[in-house]
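Note: hydrogens, waters and symmetry copies are ignored here, and every other heavy atom, side chains too, is used.
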Number of protein chains: 2
Amino acid sequence: MTTKKKGAPALPLNTILAGDCIEAMNALPEASVDLIFADPPYNLQLRGDLHRPDNSRVDAVDDEWDRFSSFSAYDDFTRAWLKAARRLLKPNGAIWVIGSYHNIFRVGAALQDQGFWILNDVVWRKSNPMPNFRGKRLTNAHETMIWAGKDESSKYTFNYEALKALNEGIQMRSDWVLPICTGHERLKDESGDKAHPTQKPESLLHRILIGSTNVGDVVLDPFFGTGTTGAVAKMLGRDFIGIEREETYREVAEKRIAMVRRLDKEALQTTTSKRAEPRVPFGQLVERGMLRPGESLYSMNNRHKAKVRADGTLIGDDVKGSIHQVGAALEGAPSCNGWTYWCFKKDGKRVPIDLLRQQIRAEMSN
Amino acid sequence: MTTKKKGAPALPLNTILAGDCIEAMNALPEASVDLIFADPPYNLQLRGDLHRPDNSRVDAVDDEWDRFSSFSAYDDFTRAWLKAARRLLKPNGAIWVIGSYHNIFRVGAALQDQGFWILNDVVWRKSNPMPNFRGKRLTNAHETMIWAGKDESSKYTFNYEALKALNEGIQMRSDWVLPICTGHERLKDESGDKAHPTQKPESLLHRILIGSTNVGDVVLDPFFGTGTTGAVAKMLGRDFIGIEREETYREVAEKRIAMVRRLDKEALQTTTSKRAEPRVPFGQLVERGMLRPGESLYSMNNRHKAKVRADGTLIGDDVKGSIHQVGAALEGAPSCNGWTYWCFKKDGKRVPIDLLRQQIRAEMSN
DNA sequence: ACGAGATATGAATCTACTA
DNA sequence: GTAGTAGATTCATATCTCG
């Protein structure tokens, strides 16, 4: 399915593009994607994957030189695909990259050097990692993800309330405990072997997409593999674009995603924040007669009092101004949310004025 | 105390050197140190003030030593001190560096570029991190440590069995859950303010030194601060060399370390024992009358409660099983260390049941 | 003395909109 | 661009205060 968005060139939405991810990305229109999720290769032996600049062959390479040249080649590759990825992002777009200690430090430094602004590094703590059989190191029980905005000023998407709800009402932390991909979720080929060596669990993508995209957003994955990103995106009502070089992976991914059903509207609804709700000027409460000019408001802690004026400002002892300004001044605080700070009296009881705002908002949504 | 080791130039063991760490390191003899632990400035780049929702101001890390003009300046600094550090390491030496997403990717890339060989990246998962007050990102709940050998062929020290014993007989993972440094452990100045903005917990250094040094090893810390590395090294019978620019930090560290007592031979042996600590079934606490059947246990976070049954299992709301199973079920976690999760009440105070196990173990070793 | 409740604080790249 | 202002936002733990 290819969809045309207002005025912009066509985006190959919900398809898997074949070929090299850098070329494929450069063929897409710039500033057209909301989120990029990338699980790049990190095996330094796969030089063919790395677009290594054609170094002259030196026979007697010692280990250190060889190591340096492979890091250097990996850096070239990383910077090339990150540059192409950044071009595709909308100004308020963001990127997630996952990796291990073999490559993540190089990826992180490259992100910073290219102007991406790191928002968090997130640790995927595997609940069932492979043990270190030889007992020579610690069990490698986690992978690292970097979440970064396109630049410092990007107004990135962050569904704080939805993630908080996912975490039983407590703010989501930067360490996520999730099992690795096994059992029925792990895709197999005809001979029963795993179809892809590093298939990521859907739970990981679920949390990423819930937290940093909205329904209808476009999510691009330049190292699509067997399509976990696409499967979760489709389920969650996001559009995806996948890029994958290997035909076998593309085939597995196509079949997999075809089986996925988009959740219905109700299931897709997530907890929203107060910030997303329409603004209500305090003056409207006066205009509508919900509060009378001259009426007294009382502070939450009952220590202060102020009078409502006809223009929607307050006047207290030696202070006048907005509900927020007067609250802050009386408390000697740098700021104050007047809506939750002030109460009015109703039948002798103190009621937060925020209740009146909620009434107005309820009427607006009808 | 300055000690001369066989034939090598004198090392200023168990002292704190003043001045810039690069100069100080270059003045020391090469290949003389077993382990380096470094907690360099993080280059936080903080801007305005931050207030908690209750309007109190967050005491930010705004010290002069954490200000760099650019990533490039920070990289120059990092590469310079890493180069000096690497020169000091014995061929089989290793280094630990701790950082956050602000700097750790640059540190990791520099380590790799200079020929260090990364062994693990270790995540310190803070059990009590500072929340994200504005709800704009994930709680920054961890820091990252990189453990690397001097080079690929280094026969680094790794006390596999000791760490396994510390972890209740299970292979130690790359993610460590430890609380931040607070309470009595947190050093204060005369006016009662924290003596250092970023003091690390001793538990962190304890695990590092147990795992990657032996008794009598030399541990160098080029960013000594208030001397956590020195205090733990002394306690564990390792020699330390500290380097610190700020005189006030040096003074605090001197006093602190003077108060530390080296563990006696026996205690040292236990801590680094080759075999795991003897296993103590929870039921033994009941059999011995240390806990009564019917007695209530309380979770560490005080959110859950369960009753002890005569057979050494617990029963909570709709769950029964071992202390570990019930803890995991109540927390919705894949696993749970019941020994550290559950508390009993003693004289009204909540005491971890692990204390009872320690009592039994102490008796067993007599 | 003891318990309940209040207060304090931690390596933090922590807003969004209008004029 | 900048300045001003509305208004949204916290978890675990240690210590202190007061009855």
Task: Donor-acceptor pair (no angle test) under 3.5 Å: A/Ser335 side chain, D/dA8 base - done: yes
TODO: Apply the test side-chain contact (heavy atoms from CB on, under 4.5 Å) to residues B/Phe223 and B/Trp81: give CA-CA distance (whole Å), side-chain angles for both, the deciding distance (0.1 Å), then the verdict.
DONE: CA-CA 10 Å; B/Phe223 306 98; B/Trp81 76 255; 3.8 Å; yes
- [ ] Nearest 0.5 Å please: distance from the CZ atom of A/Phe158 over to the CG atom of B/Leu138.
- [x] 4.5 Å
Open item on the list: Please tell me whether A/Trp117 and A/Tyr156 form a close aromatic pair, meaning their ring centres lie under 6.0 Å apart.
Closed with: no
- [ ] Among residues two or more places apart or on two chains, list those pairs meeting salt bridge (charged side-chain N to carboxylate O under 4.0 Å, His left out) that have a residue in residues 151-167 of chain A.
- [x] A/Glu152-B/Arg47
Open item on the list: With a 3.5 Å distance limit and no angle check, can you tell me whether A/Ser212 reaches the backbone of A/Ile208 through a side-chain donor-acceptor pair?
Closed with: yes
Task: Modelled atom types, side-chain donor and acceptor of A/Thr313 and A/Arg309, under 3.5 Å - done: yes
Task: Side chain of B/Arg47 (C-beta onward), nearest among C/dG10, C/dT13, D/dT15 - done: C/dT13
Task: Spacing between A/Gln171 atom CD and C/dA12 atom C1', to the nearest angstrom - done: 12 Å
Open item on the list: Near DNA chain D, counting only heavy atoms under 4.0 Å, which residues of residues 64-80 of chain B show up?
Closed with: none
- [ ] Round to the nearest Å and state the distance from A/Asp354 atom CG to D/dT9 atom P.
- [x] 11 Å
- [ ] Starting from P on C/dA12, measure out to NE2 on B/His51 and report it in whole angstrom.
- [x] 15 Å
- [ ] Kindly label the base of C/dT13 as syn or anti, based on whether its glycosidic torsion lies within 90° of 0.
- [x] syn
Task: Spacing of A/Ile353 atom CD1 relative to D/dA6 atom P, expressed in whole Å - done: 12 Å
Open item on the list: Heavy atoms only, 4.0 Å cut-off, all strands: where does A/Arg173 land among base, sugar-phosphate and nothing?
Closed with: nothing
- [ ] State, without any angle test, whether A/Arg86 and A/Gln114 hold a side-chain donor-acceptor pair at a distance under 3.5 Å.
- [x] no
Polar-atom pairs under 3.5 Å, protein N or O versus N or O of nucleotides 1-9 of chain C: list them with distances, or write none.
none

TODO: Anything under 30° is parallel, anything over 60° is perpendicular, the rest tilted; go ahead and classify B/Trp65 against B/His196.
DONE: parallel
Open item on the list: For the C1' atoms, the ones on D/dT10 and on C/dA8, what distance do you get once it is rounded to whole angstrom?
Closed with: 13 Å
- [ ] Using a 4.0 Å heavy-atom cut-off across all strands, classify B/Asn302 as base, sugar-phosphate, or nothing.
- [x] nothing
Open item on the list: Quick check on A/Lys320: does its NZ atom have over 12 non-hydrogen neighbours (other residues, nucleotides or ligands) under 6.0 Å away?
Closed with: no
- [ ] Using a 4.0 Å heavy-atom cut-off across all strands, classify A/Lys164 as base, sugar-phosphate, or nothing.
- [x] sugar-phosphate
- [ ] Answer with base, sugar-phosphate or nothing: what part of the nucleic acid does B/Gly48 contact at a heavy-atom distance below 4.0 Å?
- [x] base
Open item on the list: Only Watson-Crick and G-U wobble pairs with both distances less than 3.5 Å should count. Give DNA chain C in dot-bracket notation, marking inter-strand partners with |.
Closed with: .|||||||||....|||||
- [ ] Please check if any side-chain donor atom of B/Asn103 sits under 3.5 Å from a side-chain acceptor atom of B/Tyr74, or the reverse.
- [x] yes
- [ ] Looking at every strand, decide which applies to A/Tyr160 at a 4.0 Å heavy-atom threshold: base, sugar-phosphate, or nothing.
- [x] sugar-phosphate
Task: Atom P, compared across D/dC16 and C/dA1: separation rounded to whole Å - done: 16 Å
Open item on the list: Just to be sure I understand the rule, does B/Arg303 reach a base, reach only the sugar-phosphate, or reach nothing, if contact means heavy atoms closer than 4.0 Å?
Closed with: sugar-phosphate
Open item on the list: By nearest heavy atom, map A/Arg279 and A/Ser273 onto DNA chain D; which one lands nearer the 5' end?
Closed with: A/Arg279
Task: Phosphate-side-chain proximity, B/Arg125 and D/dA12, N/O vs OP1/OP2 below 4.0 Å - done: no
TODO: Under 4.0 Å between any heavy atoms, over every strand shown, what does B/Pro129 touch: base, sugar-phosphate, or nothing? Just pick one.
DONE: base
Open item on the list: Could you go through A/Asn301 and A/Glu331, starting from their C-alpha distance and side-chain angles, then the distance that decides it, and tell me whether this counts as side-chain hydrogen bond (donor to acceptor under 3.5 Å, both in side chains)?
Closed with: CA-CA 10 Å; A/Asn301 55 23; A/Glu331 290 293 323; 3.0 Å; yes
Task: Distance flag, aromatic centroids of B/Phe224 and B/Tyr249, threshold under 6.0 Å - done: no
- [ ] Could you tell me whether the side chains of B/Thr139 and A/Gln171 share a donor-acceptor contact shorter than 3.5 Å?
- [x] yes
Task: Any residue of residues 130-138 of chain B with a heavy atom less than 4.0 Å from an atom of DNA chain C - done: B/Met130, B/Pro131, B/Asn132, B/Phe133, B/Arg134, B/Lys136, B/Arg137
TODO: Return the value, rounded to whole Å, for the distance between atom CG of B/Asn55 and atom C1' of C/dC14.
DONE: 15 Å
- [ ] Please check if any side-chain donor atom of A/Ser322 sits under 3.5 Å from a side-chain acceptor atom of A/His324, or the reverse.
- [x] no
TODO: Can you tell me, in whole Å, how much space there is between the C1' of C/dC14 and that of D/dG7?
DONE: 15 Å
TODO: Just say parallel, tilted or perpendicular for the rings of A/Trp176 and A/Trp96, cut-offs at 30° and 60°.
DONE: tilted
Open item on the list: Check this for me: does any side-chain nitrogen of one of B/Glu295 and B/Lys307 sit under 4.0 Å from a carboxylate oxygen of the other?
Closed with: no
Task: Distance between P atoms of C/dC17 and D/dT9 (Å, rounded) - done: 14 Å
Open item on the list: Evaluate B/Leu178 against B/Trp124 for side-chain contact (heavy atoms from CB on, under 4.5 Å), listing each step before the verdict.
Closed with: CA-CA 7 Å; B/Leu178 296 169; B/Trp124 169 25; 3.5 Å; yes
Open item on the list: Output the rounded distance in Å from CZ (B/Arg57) to P (C/dG10).
Closed with: 11 Å
TODO: Using heavy atoms and a sub-4.0 Å distance, could you list which residues of residues 304-324 of chain A are near DNA chain D? By number, please.
DONE: A/Ser322, A/His324
Open item on the list: Considering every strand and a 4.0 Å limit on heavy-atom distances, what is the contact class for B/Thr182: base, sugar-phosphate, or nothing?
Closed with: sugar-phosphate
- [ ] Select base, sugar-phosphate, or nothing to describe what A/Asn337 touches, counting heavy atoms under 4.0 Å on all strands.
- [x] base
Open item on the list: Taking the C1' atom in each of C/dA11 and C/dT7, what is the distance between them to the nearest angstrom?
Closed with: 23 Å
- [ ] Assign B/Pro201 to base, sugar-phosphate, or nothing according to its heavy-atom contacts below 4.0 angstrom with the strands shown.
- [x] nothing
TODO: Flag the pair A/Arg79 and A/Asp113 as a salt bridge only when some basic side-chain nitrogen lies within less than 4.0 angstrom of an acidic carboxylate oxygen.
DONE: yes
- [ ] Calculate the interatomic distance between B/His196 atom NE2 and C/dA11 atom C1'; express it in whole Å.
- [x] 10 Å
TODO: Tell me which nucleotide among C/dT13, C/dA11, D/dA8 gets nearest to the side chain of B/His102.
DONE: C/dT13
Task: Residue that, paired with B/Glu202, satisfies salt bridge (charged side-chain N to carboxylate O under 4.0 Å, His left out) out of B/Arg256, B/Arg207, B/Arg186 - done: B/Arg256
Open item on the list: When you measure only distances, ignoring hydrogens and angles, does the side chain of B/Lys126 come within 3.5 Å of the base of C/dA11 through a donor and an acceptor?
Closed with: no
TODO: Determine the contact category for A/Glu161: base if any of its heavy atoms lies under 4.0 Å from a base atom, sugar-phosphate if only primed atoms, P, OP1 or OP2 are that close, otherwise nothing.
DONE: sugar-phosphate
Task: Atom pair distance, as rounded to whole Å: CG in A/Leu119 and C1' in C/dT13 - done: 9 Å
- [ ] Tell me yes or no: between the side chains of B/Asp175 and B/His142, is some donor less than 3.5 Å from an acceptor?
- [x] no
Task: Which nucleotide in D/dA12, C/dA12, D/dA8 has an atom nearest any side-chain atom of A/Ile170 - done: D/dA12
